[in-house]
2 protein chains.
Amino acid sequence: MIKNKTRYAILGALSLMQGSGYDIKKFCDNSISHFWNENYGHIYPVLAQLEKEGCIEQVNQNSDNRRKVYQSTQKGKEEFTSWLMTPIDYQPARSELLLKLFYGNFAPKDKILLMLNEVRESKMKQLDEFKRIEDSYIDDEKAQESEVYVYWVAPLRYGIIATEAFIKWCDETIDRIENK
Amino acid sequence: MIKNKTRYAILGALSLMQGSGYDIKKFCDNSISHFWNENYGHIYPVLAQLEKEGCIEQVNQNSDNRRKVYQSTQKGKEEFTSWLMTPIDYQPARSELLLKLFYGNFAPKDKILLMLNEVRESKMKQLDEFKRIEDSYIDDEKAQESEVYVYWVAPLRYGIIATEAFIKWCDETIDRIENK
DNA sequence: ACGTACATGTAAATGGTTACATGATTGA
DNA sequence: TCAATCATGTAACCATTTACATGTACGT
């Protein structure tokens, strides 16, 4: 049935907090969106599946009875930890940008340059956002003492380093196309 | 029905050469695999679809009559060029590595370090391969004069720059985890 | 009272991979 | 003659996204 990654994204979220499907979606959008995404169409069925398997359970709560608040069970925690230690799946590459660029000679030069400048622009904005978050981390001394600090910084640093590299590549590529 | 990207990967391949589904698959595996992949389950149905729509046509050929060799039609060429000029689709991020790392505190430190060292190792190999190809380009003066040269170099340079950045990030992340 | 955000879920469509079936050709 | 590669295709499965349906709660 519905398998793999969403399952672990949910178990991961519920290892940090208890919450509803809606909360998990918000967590994905707000906290890990730069390296992960989920949508409701996936979350709710997997949540039901995980409950059926005893990996998560509903938390009794008297207040808002629309909400189904879940927490991870021992079984769920164990499955999550064991997944953390399994090797990364190979992900076949699919870059629409590089595919288009590879065939760039079939389009007018200025259109290709426009495309590159647009992606460069959007990456610059992303980089600014990453650096803003990094600055807020650097100012927060308590956070730095936390056990999880290095693991939260790592994806952010990845965003920064990868985006800087991307912009560098844009610059040299734009330059090379302009001067050809 | 079956839509979008495979369609353009095929039209792109057939803009450089004429060939069969099998040839297109080989082309993907050999020439553009570091930024694109296709499989037979996608290629053959899309090939049939494209022929039905008049974007490609079969080439008469007397030799091997098992093979169905296709070439792009005027219509196909126009559709491909116009696709080249449309904006890049947004791709939601999904990095299993970063997801696992984000939750790294739930696994033993040495397992996380092992994981990072493994991906670092495999990226090093990839980088060597990219540089080997780059060297062969640099030695080839005729290739450099070609109109398409910049467009063929760009994805390769992307591979090099992005992979170098990745390794740099691995190093700093491994270091940070070791010293925590 | 109205709009926005909260909240859960399903159905359908789309996208992509893997496994299978089938057989010809080529070279060692 | 045996293995590898060439060659085409289908079916089943798995994964993902989008659209839809439905209704509540809360602040202004």
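Hydrogens, waters and symmetry mates are skipped; everything else that's a heavy atom, side chains included, is used. Letters A, B, ... are given to chains in the order of the sequence lines, protein chains preceding strands, and every chain is numbered from 1.
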Nearest-angstrom distance from the residue atom [atom1] of [X] to [atom2] of [N]:
{"X": "B:His42", "N": "C:dA19", "atom1": "NE2", "atom2": "P", "result": "17 Å"}
{"X": "B:Tyr90", "N": "C:dG15", "atom1": "OH", "atom2": "C1'", "result": "17 Å"}
{"X": "A:Ile10", "N": "D:dA15", "atom1": "CD1", "atom2": "P", "result": "14 Å"}
{"X": "B:Leu50", "N": "D:dG9", "atom1": "CG", "atom2": "P", "result": "13 Å"}
{"X": "A:Ile24", "N": "C:dC6", "atom1": "CD1", "atom2": "C1'", "result": "15 Å"}
{"X": "B:Arg7", "N": "C:dT14", "atom1": "CZ", "atom2": "P", "result": "14 Å"}
{"X": "A:Lys25", "N": "C:dG9", "atom1": "NZ", "atom2": "C1'", "result": "15 Å"}
{"X": "B:Gln49", "N": "D:dT8", "atom1": "CD", "atom2": "P", "result": "18 Å"}

B:Pro92 side chain: which of D:dT17, C:dA7, D:dG9 is closest?
-> D:dT17

Nearest to side-chain heavy atoms of A:Asp23, which nucleotide of C:dG15, C:dG9, C:dA7 = C:dA7

Applying side-chain hydrogen bond (donor to acceptor under 3.5 Å, both in side chains), name anything that partners A:Gln58, two or more places apart in sequence or on another chain.
-> A:Glu51

Are [X] and [Y] close enough for a salt bridge, meaning some N to O gap below 4.0 Å?
{"X": "B:Lys109", "Y": "B:Glu178", "answer": "no"}
{"X": "B:Lys26", "Y": "B:Glu38", "answer": "no"}
{"X": "A:Arg132", "Y": "A:Glu129", "answer": "yes"}
{"X": "A:Arg157", "Y": "A:Glu134", "answer": "yes"}

[N] OP1/OP2 closer than 4.0 Å to side-chain N/O of [X]:
{"X": "A:Lys68", "N": "C:dG9", "answer": "yes"}
{"X": "A:Tyr40", "N": "C:dG9", "answer": "no"}
{"X": "B:Arg94", "N": "D:dT16", "answer": "yes"}
{"X": "A:Ser20", "N": "C:dT8", "answer": "yes"}
{"X": "B:Asn39", "N": "C:dT17", "answer": "yes"}

Axis bend over the full length of the helix from C:dA1-D:dT28 to C:dA28-D:dT1, computed from five pairs that close each end, to 10 degrees | 30°

Qualifying residue, where the test is side chain to side chain contact (heavy atoms under 4.5 Å, CB included) with B:Ile177 and the options are B:Ile174, B:Asp175, B:Thr173, B:Asn179 | B:Thr173

Assign each of B:Tyr70 and A:Asn37 the nucleotide of DNA chain D bearing its closest heavy atom; nearer the 5' end lies the nucleotide of B:Tyr70

Dump the intermediate steps for side-chain hydrogen bond (donor to acceptor under 3.5 Å, both in side chains) on B:Asp23 and B:Ser20, then the final yes or no.
-> CA-CA 5 Å; B:Asp23 296 333; B:Ser20 63; 3.2 Å; yes

Are the aromatic rings of A:Tyr103 and B:Phe80 close, with centres under 6.0 Å apart?
-> yes

Ring-ring centroid check B:Tyr158 B:Phe35, cutoff 6.0 Å = no

Verdict with reasoning, A:Met124 to A:Arg120, per side chain to side chain contact (heavy atoms under 4.5 Å, CB included) = CA-CA 6 Å; A:Met124 282 294 280; A:Arg120 187 187 186 284; 3.7 Å; yes

What protein N or O atoms touch nucleotides 3-6 of chain D N or O atoms at under 3.5 angstrom, if any, and at what distances?
| from | atom 1 | to | atom 2 | distance (Å) |
| --- | --- | --- | --- | --- |
| D:dC6 | OP2 | B:Tyr22 | OH | 2.8 |
| D:dC6 | O5' | B:Tyr22 | OH | 3.4 |
| D:dC6 | O2 | B:Arg66 | NH1 | 3.1 |

